[in-house]
Student: 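What follows is a single structure, and I will ask about it in a moment.
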Amino acid sequence: MKGREKELDFFLTGSLEKVFPDQRPVEWKEGMKLCILKGETPALQLVYYRKPGGEYPAPLRFHCEVAGFPARARLREVELVPSAFPCFERADDNYLTRSPGLFPDLLKPCTDGWITLRAGQYRALWIDFPDTAQVPAGEYRVEIRLTPQTEGTQGNGQSWCLDEKQKEALGVEAPLSITLKVSEESLPGQSLIHTEWFHADCVADYYHAEAFGEQHWKALENQIALAAELGINMLLTPVFTPPLDTAVGTERTTVQLVDISEEDDGYRFDFSRLERWCALCRKYGIEYLEMPHLFTQWGAEATPKILVRANGQVEKRFGWHVPADSPAYREFLQDFLPALQEKLQELGYDRNHVCFHISDEPSEAHLESYAKAKRMTEGLLDGWMVIDALSDYAFYEKGLVEHPVPSNDHIQTFADHGVPDLWTYYCCSQGVDVPNRFFAMPSARNRIMGVLMYLYEIKGFLHWGYNFYNSGFSRKHIDPFYDTHADYSFPSGDAFLVYPGPDGTAYSSLRAQVQLEGLQDMRALQKLEEKIGRERVLELIYGEQNRPFTFRNYPADAGWLYRLRERIAETL
């Protein structure tokens, strides 16, 4: 329909648009085509708007029905969430805004298909198809049909009914449509190891639940299931409470999967809760486990909080009060790590599917303390993967880290030196030039990460914030529906990727789904490489570009990504 000539405006746009209430987003042109491989989750958005004014007895509601595609459509409303801190003062020009406000991010299930139009606001319905693996190849005309509610009951119990003139004004002349093209080829399995740090304590804190009580386990399972759906295949596993983002001398809620007791001849370990955790991970296809850091963050100066039962009492045996080089801690590790490794292998997670950490984000000033901590583990991690997020090449050069995880704004040095099996990460500090997923950034800046990781042949991606619902340094708990910036510690979009829903459910975000699309881009390029070789894939990516893409220089517009997928489809 001709949007501005009538009361209402309905149209389709892509998944890479962020629909703000006061801005009309880019409308998809007639004949727009989405190209996917079998097994992908294609997404689009239905945008709707109602002009202020008009006399109606109740809020205007429309029922949305999706037809023409053999896989089920999933509908979720794109809800607005507040951001009082969208970015740091130092930023680049590739932001949608630097001003506080309401941002489209939370995806709230719309199970009944009804949407309510808000006067004077553009809003969006996220439509995707999560089950395409068995869809026959071909082109499908997907139609979105909208039917207005013409009668109902008001809040005061009185019934209402639209008159003929009102019904005519609300009529949608024809379905909205898009072409969805499904390839003969299937998306290959994900080779990228992908972890988003899972903060089990934050889940317990948000629901005011006992750690590893049944209410907590229910919420954990829902968040683990969603993680797997989003392409996360490695999970931070709290065999003891991870020493992350904790102010010196303070502590986070204890989430220790392993019960530890001390007897005359050494330590004893009860792995019952770890067994339940691993069973959940296997249930949802989590292939890898990540152990918490063996020493504190930003310097490896102290030991993590570890509770031990001795003489009938539970005590905090290790923590800020015990230095990293304590002989007592070495004795503990000599008992704990071999027992843990044996149990993990028994539970189906061998040394090729488990990684350990020494300390998170050490800087050049921490070379000596990190080396000292590393020596504390000598002989205990041989043959196991040890990774750490750091950006100083000296740690790798000196042999302190075999598998470094540099940030995407420092990775070039590592790539130029030919470091094999590179991982990468980004967090709050990567807000200039490089890809990231802040609320205030365009979605294309999030999704392009998949193409870049393909080009750099990245083995693993790490992010620290899957569900961090604390303030910076974990000084207090926050409500992620209200405080999206960890009490002004990090730009909105950094601290968490998913939202805790009612009764332990888990809600995805627009950012999470766009990131998944980037991972699918990476896998589609890998499939194409199987068919035509890497050199031809690189030619297809670069086209007439004068120079290779880097994490600082890459296509910034959404259209380039859609066109890339069309080229992949045509070549396959």
Side-chain angles (χ1 to χ4, degrees), residues 83 85-92 94-95 105 192-199 202 227 230 232 234 236 242-247 252 290 292-293 296-299 355 357-363 366 387-392 395 401 403-414 422-441 445-450 452-453 456 458 460-474 478 480 483-498 509 511-512 514-515 518 551-552:
S83 171
F85 184 41
C87 64
F88 287 120
E89 183 176 354
R90 183 169 178 264
D92 56 46
N94 191 19
Y95 280 76
D105 190 62
L192 181 80
I193 303 174
H194 178 196
T195 180
E196 306 268 342
W197 282 351
F198 194 100
H199 300 274
C202 291
L230 295 171
I232 296 163
M234 173 181 272
L236 181 62
L244 296 168
D245 221 277
T246 308
R252 292 170 61 163
E290 181 180 11
H293 299 70
T296 52
Q297 200 169 19
W298 306 309
C355 80
H357 294 286
I358 302 299
S359 176
D360 187 46
E361 291 189 320
S363 66
H366 304 134
I387 68 171
D388 270 322
L390 50 84
S391 293
D392 195 313
F395 283 84
V401 181
H403 299 290
V405 185
S407 59
N408 62 354
D409 58 345
H410 288 87
I411 194 174
Q412 198 61 49
T413 300
F414 294 80
L422 260 181
W423 286 51
T424 191
Y425 80 99
Y426 55 66
C427 65
C428 61
S429 299
Q430 285 66 54
V432 178
D433 296 335
V434 293
N436 209 317
R437 62 188 193 210
F438 300 160
F439 283 8
M441 289 178 172
R445 188 166 178 171
N446 176 350
R447 181 167 168 175
I448 193 64
M449 193 71 179
L452 294 174
M453 289 194 295
Y456 278 72
I458 295 297
F461 175 72
L462 178 154
H463 194 283
W464 76 279
Y466 179 70
N467 51 7
F468 184 74
Y469 308 138
N470 284 345
S471 67
F473 296 110
S474 298
I478 57 101
D483 180 348
T484 58
H485 42 71
D487 195 28
Y488 297 94
S489 300
F490 318 111
S492 295
D494 186 49
F496 57 86
L497 191 62
V498 301
S509 66
R511 292 169 296 119
V514 168
Q515 177 173 271
F551 283 95
R552 293 184 182 274

Student: Is it the case that the side chain of Arg252 and the backbone of Leu244 share a donor-acceptor pair, with hydrogens and angles ignored and the cut-off at 3.5 Å?
Tutor: yes

Student: So, taking the atom named OG in Ser429 and the one named CG in Asn436, what distance separates them when rounded to the nearest 0.5 Å?
Tutor: 9.5 Å

Student: Quick one: does any side-chain atom of Ser359 pair with a main-chain N or O of Thr296 as donor and acceptor, under 3.5 Å?
Tutor: yes

Student: For Gln515 and Asn446, run side chain to side chain donor-acceptor pair (under 3.5 Å): C-alpha distance rounded to whole Å, both residues' side-chain angles, the deciding distance at 0.1 Å, then the answer.
Tutor: CA-CA 6 Å; Gln515 177 173 271; Asn446 176 350; 5.5 Å; no

Student: Taking Glu361's backbone N and O only, do any of them form a donor-acceptor pair with Asp388's side chain (distance below 3.5 Å, no angle check)?
Tutor: no

Student: Can you confirm whether the side chains of Ser407 and Ser391 place a donor and an acceptor under 3.5 Å from each other?
Tutor: yes

Student: Is the closest side-chain heavy-atom distance between Leu462 and Met234 below 4.5 Å?
Tutor: no

Student: Quick one: side chain to side chain donor-acceptor pair (under 3.5 Å) partners of Arg447, sequence neighbours excluded?
Tutor: Glu517, Asp521

Student: Would Asn467 and Leu497 satisfy side-chain contact (heavy atoms from CB on, under 4.5 Å), going step by step from the backbone distance to the final call?
Tutor: CA-CA 6 Å; Asn467 51 7; Leu497 191 62; over 6 Å; no

Student: Quick one: does any side-chain atom of Ser489 pair with a main-chain N or O of Ala486 as donor and acceptor, under 3.5 Å?
Tutor: yes

Student: Which is it for Asn408 and Gln430 under the side chain to side chain donor-acceptor pair (under 3.5 Å) test, yes or no, and what are the steps along the way?
Tutor: CA-CA 7 Å; Asn408 62 354; Gln430 285 66 54; 5.2 Å; no

Student: Between Ser474 and Asp245, is there a donor-acceptor pair closer than 3.5 Å when you use the side chain of the first and the backbone of the second?
Tutor: yes

Student: For the rings on Tyr456 and Phe551, is their centre-to-centre separation under 6.0 Å?
Tutor: yes

Student: Would you list the pairs meeting salt bridge (charged side-chain N to carboxylate O under 4.0 Å, His left out) in which at least one residue belongs to residues 486-497, sequence neighbours left out?
Tutor: Lys476-Asp487

Student: Honestly, is Arg511 close enough over Phe438, meaning NZ or CZ under 6.0 Å from the six-membered ring centre and within 45° of the axis?
Tutor: no

Student: Let me know which of Phe198, Tyr426, Phe490 forms a ring pair (Phe, Tyr, Trp, His ring centres under 6.0 Å) with His463.
Tutor: Tyr426

Student: Got a donor-acceptor contact below 3.5 angstrom from the Tyr95 side chain to the Pro86 backbone?
Tutor: no

Student: What distance separates Asp360 CG from Trp464 CH2, expressed to the nearest 0.5 Å?
Tutor: 10.5 Å

Student: Can the ring centroids of Phe414 and Trp423 be said to lie less than 6.0 angstrom from one another?
Tutor: no

Student: Quick one: OG on Ser471 to NE2 on His485, what's the gap to the nearest 0.5 Å?
Tutor: 11.5 Å

Student: Can you name the nearest heavy-atom pair linking Ile458 to Leu192, along with the distance?
Tutor: O-CD1, 3.6 Å

Student: Just checking, is any N or O donor in the side chain of Glu290 or Trp197 under 3.5 Å from an acceptor N or O on the other one?
Tutor: yes

Student: What is the minimum heavy-atom distance between Thr424 and Pro406, and which atoms define it?
Tutor: OG1-O, 2.9 Å

Student: Would you say the rings of Tyr466 and His199 are close, in the sense that their centroids are separated by under 6.0 Å?
Tutor: no

Student: Suppose we screen for side chain to side chain contact (heavy atoms under 4.5 Å, CB included). Which residues come up paired with His403, at least two apart in sequence or across chains?
Tutor: Met385, Ile387

Student: Report yes if the side chains of Pro491 and Phe439 come closer than 4.5 Å at any heavy-atom pair, otherwise no.
Tutor: no

Student: Answer yes or no: is there an ion pair linking Arg445 with Asp92, defined by an N-O contact shorter than 4.0 Å?
Tutor: yes

Student: Just by distance, with hydrogens left out, do Glu196 and His194 show a side-chain donor and acceptor under 3.5 Å apart?
Tutor: yes

Student: Is any side-chain heavy atom of Arg90 closer than 4.5 Å to a side-chain heavy atom of Val432?
Tutor: yes

Student: Examine distances only and state if a side-chain atom of His366 and a backbone atom of Ser363 form a donor-acceptor pair shorter than 3.5 Å.
Tutor: yes

Student: To the nearest 0.5 Å, what is the distance between CG on Leu236 and OG1 on Thr195?
Tutor: 6.5 Å

Student: Below 30° counts as parallel, above 60° as perpendicular, anything between as tilted: where do the rings of Tyr488 and Phe85 land?
Tutor: tilted

Student: Measure from the ring center of Tyr425 to the ring center of Phe461 and say whether it is less than 6.0 Å.
Tutor: no

Student: May I ask you to decide if Asp105's main-chain N or O and Ser509's side chain share a donor-acceptor pair within less than 3.5 Å?
Tutor: no

Student: Ignoring hydrogens, what is the shortest heavy-atom contact between Leu422 and Pro404? Give both atom names and the distance.
Tutor: CD2-O, 4.4 Å

